[in-house]
Amino acid sequence: MDHIKLKSKEEIEKSFFHIPFWIAPDKNLFLSRSDRFKKLAKLEKSDWKLYLQLLSELSRVQHGLLADADAVVPELKRNDSASLLNVYSTAIPFCFTPMLNALYERSKSELSAHMEQTWQRLLAMPVPEQEALALRILQQEIKENDQEYSIWVHAVLQVVWTYWAMQLQETDVPSRDERVQCPCCGSDAVGSVILKSGEQENLRYLHCNLCNSRWNALRAKCTFCGNTKDMTLQSVEGATEGALHGASGETCDVCQGYRKMFSLSKEQHADPVADDLGSLALDMMLGEKGYSRGGANPFLVMEKEARH
Ligand SMILES: [Zn+2]
Ligand SMILES: [Zn+2]
């Protein structure tokens with residue numbers, strides 16, 4: 001006979017009311033992102049749709065690399081640090097170059113002639129040069145000449161760091177006051193999502209642009225300067241579907257900064273990386289009003305190239 005153990009009142013309360021500080025990336029994250037990019041590309045009328053389509057393919061390839069990561073990515077070194085994956089204290093792992101090659105092999109049929117040339121230069125670099133480039137991109141110290149390689153290199157780094165973040169337990173990532181940078185890897189949040197009511201009751205989670213972790217941050221509190229008064233949500237009116245429908249900018253009149261937020265109640269499949277690139281009209285509107293953007297999107301750098 002099965003042994004039945006009753007849960008204590010505390011255990012039941014914890015499972016019902018527990019608000020996690022940190023949420024690990026989902027193993028199908030890149031696949032969902034790929035679908036989302038595809039949907040946003042369909043809704044896009046300008047040539048920007050070509051870039052969204054490319055990123056849909058790239059995300060699909062990332063999903064494949066993540067599925068194969070067990071065999072190539074080294075195990076996480078565990079220590080007492082709260083930031084186990086910190087980009088300022090972790091070296092580029094040896095698996096980087098083989099994974100970069102695999103990314104090329106699996107994406108080459110989708111590349112334009114211009115991108116193919118970029119790739120050939122990237123693949124011809126000696127390994128130490130590739131790793132030095134990856135480290136600059138990882139630490140957001142990109143030189144002008146690095147820009148053209150950035151999305152491909154970052155795509156590989158995302159897979160490695162997401163794979164590592166998936167191995168962490170909630171207890172590995174304790175809550176802390178500083179909420180702008182990712183508590184796992186120290187990268188910038190690309191934006192935030194407001195979870196659906198019923199799930200975590202309208203809680204806001206910032207989303208890491210590298211390891212795809214999510215961490216809880218109070219709503220109506222500026223994630224740059226900590227201001228809690230007069231935070232305003234602004235959105236582009238009239239959108240009934242797509243990224244602009246769920247997107248708003250949380251603007252702060254103290255520091256004139258804003259960060260984008262995506263409502264999962266309005267757009268249940270919103271992805272902070274994809275929807276950010278599908279809602280650039282919001283950035284333009286807020287830029288015209290004098291606000292400056294916070295939240296780095298590693299895929300935003302290719303805008304000019306994609307429009308050639
Ligand atoms: Zn992170
Ligand atoms: Zn502020």
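Each ligand, and each atom within it, is numbered from 1 in the order the structure gives.
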Undergrad: Return all protein N, O or S atoms below 2.8 Å from the Zn ion (ligand 2), chain by chain in residue order.
TA: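 Atoms qualifying: C222 SG, C225 SG, C252 SG, C255 SG.
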
Undergrad: About how many Å separate CZ of F21 and OG of S213, when rounded to the nearest 0.5 Å?
TA: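 One gets 9.5 Å once the value is rounded to the nearest 0.5 Å.
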
Undergrad: What side-chain hydrogen bond (donor to acceptor under 3.5 Å, both in side chains) pairs are there with at least one residue in residues 248-262, not counting sequence neighbours?
TA: R204-E250, T223-R259, Q234-T251, D253-Y291, Y258-D283, K260-D276, K260-S279, K260-D283

Undergrad: Please work out which of the three classes, parallel, tilted or perpendicular, describes the rings of W161 and W164, given edges at 30° and 60°.
TA: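 Rings of W164 and W161: perpendicular, as their planes differ by over 60°.
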
Undergrad: For the Zn ion (ligand 1), which protein N/O/S atoms are closer than 2.8 Å?
TA: C182 SG, C185 SG, C208 SG, C211 SG

Undergrad: Is there a donor in the side chain of S235 and an acceptor in the side chain of E237, or the other way round, less than 3.5 Å apart?
TA: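 Looking only at side-chain atoms, E237 and S235 do not form any donor-acceptor pair under 3.5 Å.
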
Undergrad: Take the angle between the ring planes of H154 and F299 and call it parallel below 30°, perpendicular above 60°, tilted in between.
TA: perpendicular

Undergrad: Test of understanding: with side-chain contact (heavy atoms from CB on, under 4.5 Å), list the residues that count as partners of E129, not counting sequence neighbours.
TA: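 Residues passing side-chain contact (heavy atoms from CB on, under 4.5 Å) with E129: M125, P126.
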
Undergrad: Can a donor-acceptor pair be found between the side chains of Y51 and E44 at a distance below 3.5 Å?
TA: no

Undergrad: Would you say the side-chain atoms of E116 and Y104 include a donor-acceptor pair closer than 3.5 Å?
TA: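 A donor-acceptor contact under 3.5 Å links the two side chains.
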
Undergrad: If only side-chain N and O atoms count, and only distance matters, is there a donor-acceptor pair under 3.5 Å linking H207 with N212?
TA: yes

